[in-house]
Protein chains: 2
Amino acid sequence: MNIGEIAKRAGVSRSTVSYALSGKRPVSDETREKIQRVIDDLGYRPNASARALANGRTSTIGLVFPPAGNHYTGMQLDFIGSVVEAAAAHDYDVLLSPSGVDSDRSFQRLLGERRVDGAILMEIRLQDDRVDHLAELDFPSVTIGRTARPEGTWWVGLDHTALAAACVHHLADLGHRRVAFVNRPEQLLQAGYESAHRGLDGFTKAAAERGLTVRTYRCGDDPASGQACLEQILHDDPATTALVTLNEAALGGLYRGLAHAGRHVPRDFSVTGVVASRWAETVTPQLTAADVPAEEMGRRAVDLLIERLDHPGAAPRHHLLAPPISLRASTGPAGGPSFAEPPTPVSPS
Amino acid sequence: MNIGEIAKRAGVSRSTVSYALSGKRPVSDETREKIQRVIDDLGYRPNASARALANGRTSTIGLVFPPAGNHYTGMQLDFIGSVVEAAAAHDYDVLLSPSGVDSDRSFQRLLGERRVDGAILMEIRLQDDRVDHLAELDFPSVTIGRTARPEGTWWVGLDHTALAAACVHHLADLGHRRVAFVNRPEQLLQAGYESAHRGLDGFTKAAAERGLTVRTYRCGDDPASGQACLEQILHDDPATTALVTLNEAALGGLYRGLAHAGRHVPRDFSVTGVVASRWAETVTPQLTAADVPAEEMGRRAVDLLIERLDHPGAAPRHHLLAPPISLRASTGPAGGPSFAEPPTPVSPS
DNA sequence: CTCCTTCGTCGAACCGGTTCGAGGGCGAAC
DNA sequence: GTTCGCCCTCGAACCGGTTCGACGAAGGAG
């Protein structure tokens, strides 16, 4: 079931079969039909490894996955799904690489062994050895996120600074004066994760601009940490009336902490942040948030990579996205109705 | 930077370099060290395509992903993560295939073009053309889930029948008599999804055994559908006091619907089901549920596949898992404390 | 009737590894 | 001093495609 077999049965040479399939040289109608008939009969498909060896391209892109052991968030799933889908539309496969540690084994596999034509990197750090390494090699790649100095590289990113600032302004406009910020875990900040740092910057600057009193927290990527973090917030400053979070996975715990503390959302306490819409709509009340357009980002990353592969030497391009805040049900005016309404038999969740 | 270059610089033949690397024939210490030095200097790594072509194995396994366009659930992410991680431990890469439609394009790519040595399939149906097709070809594969007749095949599965029954018994033991079942979407049932059918079976039989009054529902995989479904349940039978769900993605909506209807969980209404622990712990109150051990299932699937690849002709093996119900906070006795306790100022979420 | 194109096809080389059979060098046994 | 055997290394063939140069047949121009 290889090309020689097809050639033999069709009574032509191997090269003719190849040309009939690729169309790179003219083949007579008669011959082409004869070959096609044999191929259909036998269900022949050319061997991907042989093809990759011959023309130097694997038709596969690598998706460098955050290090395993972390808790994966829903956002990451959305990235993966959209990347796979977009790649399929361009006839590319996606190879998953659980890399993260710099130039580790699986990273070497992808590049050194030429398993992929290009790569998409997730979970970018401000200083990122992987990105530097790829740039040095001039290996075709696109990052989802950007380093401290993204000039001259290919990337798709979110304007975390602006998004966090927008959250602050939203809360300030509602009259909130004492606001907490719930960031990603300590270890991710130390590792230099882009979203955590840029989000914190945007929050801090906007809060200073509006003269807010703020406290910032780092919080583990799980509900239990979220709950603990919220208790800490209310312990440190019981007068806090709102929070901004980048921590999707802790969200359920933050809500639970508020419920346990007897703070009703949004009457007594407002919550907002930067979260994938799927999650924002899962919690009750639904979260007012800057929706991370994960699906669009994945798709755009693939499109950029394909462009880079098809046009080597093209000028670097990027997309910086800043989705608007979707108003849902988790924010309200500071102070709330302050019992102007009767304490109706509220239905707790 | 190919094997010939290494050979030339080390002053040996290409085959000697190959043997030095693979160890399949003895090579003198002196020669081996000389070769190793050159390899280290140049950072040489053998080309994966060439190697795959020569020895017929790609060191890659395919993960056949549910069709895109579906909403991905957290459970799927856990499967993917654990499969990638387990595969890396065996020095295999993972190629993602967004297949699902029977014998479609990307399925053909994986098998026909020999991109992978074996495959792991997710989202199995009771009658599954993909599984039949692979069995016919005797292509090494393992399914996460099992068909109606899994005898003689390799799989890792969950005993959905037993799990749903355990949920029913748990509720019946607490005194609930009118219970609803919230299944996956209509279209997945029609497609024959295993979990939806076996879960429904287990629920129905156990409910009959315990003499419960039940209603069953199909519900879209998103919060909005969950909320609508809950409204329907209370509309159809306001005396319903509990529900069992297989629908992770709708869970947030079910909770929201209960809150809107003024039913407190678990005082007025109990909720349980089969859900990944990560989600069960995210909602408030935390869900009493049979935790799907997604991480373990992914790992076992890889282990089985590797075993099958390493020992062609080995007797088919499988793992049927039935994790116990984790008691959390979403179920309670039917009728509840019925205001024996004072209506404390409950904190609504 | 020749000469020159054009068209369609073929054979051979190549991509970068692996593997098999053979052979050179050397020490031990006779 | 042969002969045998072992250890190590080499050359060649092969995996299954792609691609280049060449060549024969047919057709048009002179």
Side-chain angles (χ1 to χ4, degrees), chain A residues 1-39 42-60 91 93 108-117, chain B residues 1-39 42-60 91 93 108-117:
Chain A
M1 35 3 206
N2 57 23
I3 201 173
E5 185 68 22
I6 304 297
K8 198 191 301 173
R9 303 213 188 193
V12 298
S13 74
R14 302 197 305 145
S15 50
T16 301
V17 175
S18 179
Y19 287 125
L21 283 173
S22 70
K24 296 195 180 175
R25 278 199 193 175
V27 169
S28 74
D29 290 353
E30 188 192 4
T31 307
R32 186 169 340 100
E33 283 162 20
K34 195 166 49 185
I35 292 172
Q36 193 57 52
R37 231 177 343 259
V38 175
I39 286 178
L42 271 64
Y44 164 79
R45 306 225 66 195
N47 180 301
S49 302
R51 193 190 287 235
L53 176 58
N55 59 24
R57 306 188 328 107
T58 59
S59 295
T60 302
D91 269 323
D93 284 328
Q108 277 301 309
R109 279 176 73 106
L110 286 197
L111 304 197
E113 303 184 5
R114 311 224 117 76
R115 282 177 197 269
V116 300
D117 296 336
Chain B
M1 49 318 237
N2 57 23
I3 202 173
E5 185 67 21
I6 304 297
K8 197 192 303 175
R9 301 211 188 196
V12 299
S13 73
R14 302 196 306 146
S15 50
T16 301
V17 175
S18 179
Y19 287 125
L21 283 172
S22 70
K24 296 195 179 173
R25 278 199 193 174
V27 169
S28 74
D29 290 352
E30 189 191 2
T31 306
R32 186 172 337 102
E33 283 161 21
K34 195 165 47 184
I35 291 172
Q36 193 57 52
R37 227 171 353 251
V38 175
I39 286 178
L42 274 62
Y44 164 79
R45 306 225 65 194
N47 180 299
S49 303
R51 191 190 288 232
L53 176 58
N55 61 23
R57 307 189 325 108
T58 59
S59 296
T60 303
D91 269 324
D93 284 327
Q108 276 301 310
R109 280 175 73 104
L110 286 197
L111 304 197
E113 304 184 4
R114 311 225 118 77
R115 282 175 197 270
V116 300
D117 296 337

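Chain naming here is simple, since letters A, B, ... match the order of the sequence lines and numbering starts at 1 in each.
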**Student:** Should B:R51 and B:N47 be marked as a side-chain contact (heavy atoms from CB on, under 4.5 Å) after you check the CA-CA gap, both sets of side-chain angles, and the distance that decides it?
**Tutor:** CA-CA 6 Å; B:R51 191 190 288 232; B:N47 180 299; over 6 Å; no
**Student:** CD1 of A:I35 versus C1' of D:dG17: gap in Å, rounded?
**Tutor:** 15 Å
**Student:** Are any of the side-chain nitrogens in B:E5 or B:R9 under 4.0 Å away from the carboxylate oxygens of its partner?
**Tutor:** yes
**Student:** For A:R32, look at atom CZ and say whether over 12 heavy atoms of other residues, nucleotides or ligands are found less than 6.0 Å away.
**Tutor:** yes
**Student:** Once you round it to whole Å, what is the distance between P of D:dC8 and CD of B:E33?
**Tutor:** 13 Å
**Student:** Tell me: CG of A:L53 to P of C:dC15, nearest whole Å?
**Tutor:** 9 Å
**Student:** Begin from the C-alpha positions of B:T31 and B:Y19 and carry the test side-chain contact (heavy atoms from CB on, under 4.5 Å) through to its verdict.
**Tutor:** CA-CA 11 Å; B:T31 306; B:Y19 287 125; over 6 Å; no
**Student:** Between NZ of A:K24 and OG of A:S15, what distance do you get to the nearest 0.5 Å?
**Tutor:** 14.0 Å
**Student:** Decide side-chain contact (heavy atoms from CB on, under 4.5 Å) for A:S59 and B:R109; before the verdict, give the C-alpha distance in whole Å, the side-chain angles of both, and the deciding distance to 0.1 Å.
**Tutor:** CA-CA 11 Å; A:S59 295; B:R109 280 175 73 104; 4.0 Å; yes
**Student:** Enumerate all atom pairs, one protein N or O and one N or O from nucleotides 18-21 of chain C, separated by less than 3.5 Å.
**Tutor:**
unit_1, atom_1, unit_2, atom_2, d
C:dT18, OP2, B:S18, OG, 2.7
C:dT19, OP1, B:K24, NZ, 3.4
C:dT19, OP2, B:K24, NZ, 3.1
C:dC20, N4, B:Y19, OH, 2.8
C:dG21, N7, B:R25, NH2, 3.3
C:dG21, O6, B:R25, NH1, 2.4
C:dG21, O6, B:R25, NH2, 3.3

**Student:** D:dC10 C1' sits how many Å from B:K8 NZ, rounded?
**Tutor:** 17 Å
**Student:** What is the distance, rounded to the nearest whole Å, between atom CD of B:E5 and atom P of C:dG17?
**Tutor:** 11 Å
**Student:** For B:M1 and C:dG17, give me the distance from atom CE to atom P, rounded to whole Å.
**Tutor:** 11 Å
**Student:** If every non-hydrogen atom of B:I35 is compared with every non-hydrogen atom of B:A20, which pair is closest and at what distance?
**Tutor:** CD1-CB, 3.8 Å
**Student:** Five pairs at each end of the helix from C:dC1-D:dG30 to C:dC30-D:dG1: take the axis at both ends and give me the angle between them to 10°.
**Tutor:** 60°
**Student:** Indicate yes or no for a side-chain donor-acceptor contact from B:R114 to the backbone of B:A52 under 3.5 Å, with no hydrogens or angles considered.
**Tutor:** no
**Student:** Under 4.5 Å between any side-chain heavy atoms of A:V38 and A:V17, yes or no?
**Tutor:** no
**Student:** OP1 or OP2 of D:dG16 sitting under 4.0 Å from any side-chain N/O of A:N47?
**Tutor:** no
**Student:** What is the separation between atom CD on A:E30 and atom C1' on C:dC7, rounded to the nearest whole Å?
**Tutor:** 14 Å
**Student:** Can you tell me how far P of C:dG17 sits from CD1 of B:I6, to the nearest Å?
**Tutor:** 9 Å
